[in-house]
Every structure is written in C-alpha cells, then in structure tokens.
Amino acid sequence: MTAPSLSPVTATNLIKNLCRQRSFAVARRLFVEMPHRDVVSWTAMISGYASNGCHEDALATFCRMIASGVSPNRYTISSVLTSCRGLQSCCAGVAVHGMAVRWGIDNGAYVDNVLLDLYASFGCIGDAEAVFKNMTDRTVVSWTTMIAGYTRIGHGYTGLLLFKQMIQECTELNAFTCSIAIHACSSIGCATIGQQLHALALKTRHDSSLPVANSLLNMYSRCMNISEAKKFFHEMPRKDLITWNAMIASLERSNSHEALLLFLEMGSQNMQPTSFTFSSVVAACANLAILNCGRQVHGAAIRRDHQRNLQVANALIDMYAKCGSIGNSRKVFDEITEKDLVTWTSLVIGCGMNGYGAEATEIFHEMISSGVQPDQVLLMSVISACSHAGLVDQGLRYFSLMDIQYNVPPNREIYGCVVDLLARAGRITEAYQMIETMPFEPDETIWGALLGACKMHKNVYFGRLAAQKIFDMWPNESKTYVLLSNIYAAGRAWGDFAEMRRCLREQGNKKEVGMSWIEVRDEVRGFASGDRSSSPHIVLVYQTLEELIQQMNQDGCESDSHWVLHDFSGVT
DNA sequence: CTAGGGTTAG
C-alpha cells in the first residue's frame with residue numbers, strides 16, 4: 001500500500017507506530033509521500049521523533065513545518081518543547097515559548113507543564129514558578145513537575161511544602177507524585193517527614209507501586225540507619241532491578257562487604273546487573289581496597305559490556321587507584337573516548353594518593369588543553385597531589401592562579417588544602433597566617449591539618465594554639481588530646497603531656513581502634529597497630545618491620561617510631 | 001498529534 005491511498009488518520013497512526021519501533025526512515029518516507037500534510041501529520045512526525053529521543057530531528061522537522069507555512073498548535077508546541085528539554089537547549093525552549101505566545105497558543109495545561117519542566121531542568125526555577133502561578137488549570141502533573149524541579153536543584157524542602165499545599169487543595173494523589181515527594185524527603189534527609197510519607201503511601205495504597213517502594217527504600221537508607229533499609233528491603237513483596245541497585249548502592253556507602261555479598265545474591269536470583277550495579281560494586285571494592293576482587297568485578301563488567309559505561313569506567317579508575325594499581329587506572333582512563341570532569345578528576349586524585357604529583361599536574365594540563373573547564377574539586381585534587389608529593393611552590397602557584405586563570409573561586413576546602421600544603425612542608429607560620437587571613441571561618445578540619453603538621457614538625461607553640469581552637473569546637477574529640485600530648489612529648493614538655501593524658505583518662509572517651517587490612521591471596525586480613533595476636537605470622541611481621549627500620553636508619557632516614565608508642569598508649 | 005516518577009561516580 002502506498003501513502004496516497006491511506007487515509008490521513010491511518011497514515012498518522014502508522015507514523016506513530018513506526019517511530020515507536022525506531023523505523024524512522026520508513027516513517028519519514030510515508031510522511032513525505034502524503035499528498036496533503038496538515039498540522040496533525042506534521043505533529044505526528046515531530047512527536048514521533050521527540051518521544052523516541054530523536055530531538056534534533058524533531059526540531060528540524062518543526063523548522064521545516066514553520067517554513068512551509070503551516071501554523072503549529074498546542075500539540076506541536078508541547079512536542080517540540082519536549083525536544084528542547086531533551087537537547088538541553090534553554091535558548092531553543094525560550095524561542096519556542098516566545099513563538100507560542102505570538103501565535104496565541106501558550107495556554108493549555110500540556111504546554112504549560114512542559115514549560116514548567118523545561119525551566120525547572122535548566123535551573124530557571126523562577127521562570128517555572130511564574131508559569132505555574134499563572135496556570136488556571138493546574139493538574140497533578142503540574143504539581144509533580146514543580147516538586148521534582150525544586151528537588152533537582154537541591155530545594156527538597158520547598159518541594160515538600162508544595163506537596164503539602166497540593167494535598168490541602170485536594171488534588172488527586174497518584175503514585176508518580178508520591179514517589180517524587182519521597183525522593184524530595186530523601187534529598188533533605190528528614191526521617192520524620194519520611195515516616196509520615198510512608199504512612200500516607202500505605203493509606204493511599206500507593207505503597208504497592210514499585211517506584212514508590214523503591215523511593216521508600218532509598219529514603220530509609222538516606223534518612224535512617226541502614227538496618228531500617230535492610231528490613232524494608234527484605235519485606236518488599238516484589239523487587240526489580242532498581243530495588244536491588246538501590247540496596248547495593250546504599251550498602252556500598254555503609255558496609256561495602258555486605259554490598260558485595262548482596263551482589264552475589266542478586267546473581268543467584270537471576271537478576272542481571274546493570275551499569276548502576278557495577279558502579280556501586282566497583283566502588284565497594286575501592287572502599288575495601290581489594291584488588292583481586294575488583295579485577296574480577298571488572299571482568300564481569302566486561303563480559304556484560306558495561307565497562308564502557310562512563311560511570312562504571314570512572315569508578316574503575318578510582319578503584320584501581322585506591323588499590324595502588326595506578327597503571328590500571330591509566331589503562332581504563334585511556335580507553336574512555338568521551339571523558340567527563342569526573343574521569344579526569346578520578347585520575348588526578350589517583351595519581352595524588354599514590355604519590356605521583358608531577359603526573360597529576362601533567363594530566364591536569366592535558367585536560368585544560370583539551371578545553372574542559374575545571375571545577376573546585378579538580379583544583380583541590382591538583383593542589384592536594386602537589387601537597388602529598390612535596391611540590392609546595394607548584395601547589396601554591398595553582399592556588400594563586402585558580403581564580404584568575406581557571407575561573408574557579410577557592411572555597412573553604414581548598415584553603416584547607418593550601419594550609420595543609422604549607423604546614424606539611426614545615427611552613428607552619430605561613431599556614432597559620434593563611435588561616436587568619438582567609439575569607440572563611442576555619443573549621444576543625446583546617447585546625448586539624450595544622451595540628452597534624454605541628455606534630456610532624458614538633459611545633460609546640462602552634463600545636464597548642466590549633467588544639468585549643470579544636471577543643472573550642474569539639475570539646476570531646478579524644479584524637480585532639482592524643483595529638484597534642486604527642487606534640488608536648490616531642491617538645492619535652494612533660495608536665496603538659498601528663499595533663500593531656502589525665503584529661504584523656506578523665507573523659508573516659510574510648511576511641512575505636514583504627515584498623516587496616518591487606519589482601520593476601522584470597523583472604524583479607526585485618527590488623528591494628530600494636531596488635532600482636534591477630535595473626536599466626538605476627539612475629540614474622542614484626543621481625544620484618546625491625547629489619548626495615550634498621551635498613552632505613554642505615555640509609556640515613558630517621559625513623560619516627562617513638563610516635564607510635566605515644567599514639568596508642570591510652571587509646572583503646 | 002501533547003506533560004510528570006524510583007537506583008550510580010570524583
């Protein structure tokens with residue numbers, strides 16, 4: 001059958017179905033061969049493209065329609081606005097909005113609802129708000145779009161206020177709105193509202209919707225403790241991939257070992273892991289620094305062709321770096337064709353933490369030459385890499401250039417990093433002056449960096465000062481007492497040392513022992529400093545340590561073992 | 001011929 005013999009209605013339906021099957025070429029030929037193309041057939045073609053992700057084609061078809069003298073209607077406008085949003089083109093969206101106003105077709109809830117989403121997703125929440133206020137026929141979609149828009153830009157609380165207003169105005173509540181409201185609640189971490197929303201979901205029976213249940217699971221893991229989330233997960237009558245991914249992602253943040261166990265269980269339930277799953281599981285391996293396991297997960301990702309997913313690849317760079325296998329980080333990095341800022345930052349951080357400061361700066365410059373705009377996280381990583389590699393002056397140069405050359409204003413974290421850079425290098429006075437003159441209130445991490453450096457460089461004067469500041473902010477932080485007492489010990493200020501130890505004992509503030517672990521063949525072995533009973537091979541370990549220290553001393557390196565004794569006496 | 005939802009990373 002050829003196009004001319006089809007009725008316009010049949011041809012339109014056919015175009016719609018062909019687009020849904022992604023047979024765009026056939027749909028287009030059918031459209032072109034239609035003897036008479038009215039606004040409905042043009043719109044069918046545009047919306048066929050728009051609702052199947054071909055936004056450029058939708059926009060181009062819209063332009064041809066205008067050029068051929070056919071006026072759009074509200075259906076056309078809402079389809080083409082969908083594509084403007086899909087192309088992330090605020091300009092195109094504003095232009096189409098303007099045309100709609102000129103043609104007098106900007107009314108109607110459908111057009112307004114797309115406009116809301118368009119403005120909200122470009123962060124122009126004020127424009128969205130203006131459209132919303134002028135709407136005479138707000139639907140539940142309008143409310144939901146606004147709540148989602150506010151949540152996306154980090155104003156979850158405003159979103160929840162709108163939700164409350166919506167309920168009061170008796171707008172029907174559906175599962176869409178329910179899940180986005182719960183999401184808004186997770187984003188601000190409010191457990192009380194979260195429980196109220198759970199009750200509301202139960203009352204309205206929307207809890208049986210999987211998206212609602214999944215956002216409740218996410219809410220429990222972000223607003224309450226992980227055991228609540230686990231309980232909810234196990235009690236869910238139905239679970240889909242998103243359910244498993246959400247649970248694994250939340251375990252990755254709290255207990256990476258359990259995340260790996262759940263990943264295995266997911267496989268035994270015949271759920272196929274997605275890129276989401278792999279990025280969480282790779283991150284879990286990174287947290288545990290277990291290289292062998294990480295390589296196996298990498299292999300599993302390759303077998304399922306998820307290693308090309310950018311988030312997975314970025315997680316792999318981080319994982320290899322944290323496992324000390326920076327060469328593999330580089331390999332993964334080199335294979336990524338479309339790198340984003342996180343890709344570059346992951347490698348810079350990886351180099352920095354492995355002591356490759358020069359390489360970190362090289363990669364940074366490579367990124368700048370390729371035209372990517374850096375942000376505060378990246379500049380902090382570069383300065384931190386310089387700090388850890390002892391490239392003090394280079395780090396200071398990046399700091400002084402960041403505002404004028406890279407258009408990145410330094411934030412408090414970056415000032416903290418520079419304080420650390422100076423203090424670590426023994427330039428304690430300069431570090432202190434930096435704290436005093438910076439445009440931010442120093443927090444306990446900044447004073448902590450100074451205090452740590454004072455310990456390293458045995459500076460009693462500034463150590464006492466930094467510790468005092470931290471006591472003012474965190475009176476019960478036993479770590480501070482330990483650090484300061486060690487500084488006193490180093491300065492032979494034994495009276496002060498004894499006083500600090502007395503405070504520590506009086507406080508009775510028992511600190512958890514810092515554990516470390518190492519992967520030996522297929523096993524992970526944990527150990528703590530001073531622990532002489534955790535392994536049958538511990539005698540051999542200490543013998544080897546002694547030999548290393550002797551070797552270091554022979555080579556002219558001063559070993560600093562007396563700190564170890566002070567650090568762990570009194571802290572259990 | 002038209003609109004809104006749940007899970008990932010530095």
Side-chain angles (χ1 to χ4, degrees), chain A residues 8-9 12-13 15-16 19 38-48 50-51 72-82 85 108-118 120-121 139-149 151 174-184 186 206 209-219 221-222 240-250 252-253 274-284 286 306 309-319 321-322 340-350 352 375-378 380-381:
Chain A
V9 176
T12 303
N13 276 329
I15 288 172
K16 220 176 119 182
C19 287
D38 62 358
V39 60
V40 177
S41 39
W42 277 103
T43 304
M45 196 64 231
I46 293 168
S47 112
S51 48
N73 60 18
R74 60 174 64 170
Y75 294 86
T76 328
I77 296 297
S78 62
S79 294
V80 78
L81 282 174
T82 300
R85 187 197 51 192
Y110 276 88
V111 171
D112 281 344
N113 286 342
V114 195
L115 279 173
L116 290 181
D117 199 31
L118 185 85
S121 50
T139 65
V140 65
V141 178
S142 327
W143 290 95
T144 311
T145 307
M146 286 304 287
I147 298 167
T151 306
N174 63 22
F176 276 77
T177 324
C178 215
S179 62
I180 191 66
I182 296 163
H183 181 68
S186 314
H206 288 309
S209 143
L210 257 178
V212 171
N214 287 338
S215 35
L216 281 170
L217 173 63
N218 190 43
M219 184 277 291
S221 78
R222 288 190 186 271
D240 66 359
L241 270 174
I242 295 185
T243 317
W244 285 89
N245 287 348
M247 194 67 238
I248 291 174
S250 120
E252 180 268 308
R253 291 186 291 264
T274 67
S275 298
F276 276 86
T277 327
F278 278 107
S279 51
S280 299
V281 174
V282 171
H306 287 301
N309 173 278
L310 189 57
Q311 279 79 344
V312 173
N314 289 348
L316 284 167
I317 295 175
D318 186 52
M319 183 274 289
K322 285 187 177 142
D340 71 356
L341 194 53
V342 177
T343 315
W344 292 97
T345 312
S346 303
L347 190 62
V348 169
I349 290 179
D375 70 353
Q376 290 174 323
V377 181
L378 179 54
M380 190 167 91
S381 324

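All chains are named by letter (A, B, ...) in the order of the sequence lines, taking the proteins before the strands, and each is independently numbered beginning at 1. Only a predicted model underlies this, so the values are computations on that prediction, with no experimental measurement involved.
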| request: Assign a letter to each nucleotide of nucleotides 4-10 of chain B from its 5' end: B, base within under 4.0 Å of a protein heavy atom; S, sugar-phosphate only; -, no contact. | output: BBBBBBB

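Here Thr177(A) pairs with Thr144(A), Asn174(A) under the side chain to side chain donor-acceptor pair (under 3.5 Å) rule; sequence neighbours left out. In terms of the side chain to side chain donor-acceptor pair (under 3.5 Å) criterion, Thr145(A) has no residue partners (sequence neighbours excluded). Partners of Thr345(A) under the side chain to side chain contact (heavy atoms under 4.5 Å, CB included) rule, at least two apart in sequence or in another chain, are Leu341(A), Ile349(A), Val377(A), Leu378(A), Ser381(A). Under the side chain to side chain contact (heavy atoms under 4.5 Å, CB included) criterion, Val114(A) pairs with Ser78(A), Leu81(A), Thr82(A), sequence neighbours left out. Under the ring pair (Phe, Tyr, Trp, His ring centres under 6.0 Å) criterion, His206(A) pairs with no residue, sequence neighbours left out.
Of the side-chain N and O atoms in Thr76(A), none sit less than 4.0 angstrom from OP1 or OP2 of dC1(B).
In this structure, the CG atom of Leu81(A) is 19 Å from the P atom of dC1(B), given to the nearest Å.
If you check distances only, the side chain of Tyr75(A) does reach the base of dT2(B) with a donor-acceptor pair under 3.5 Å.
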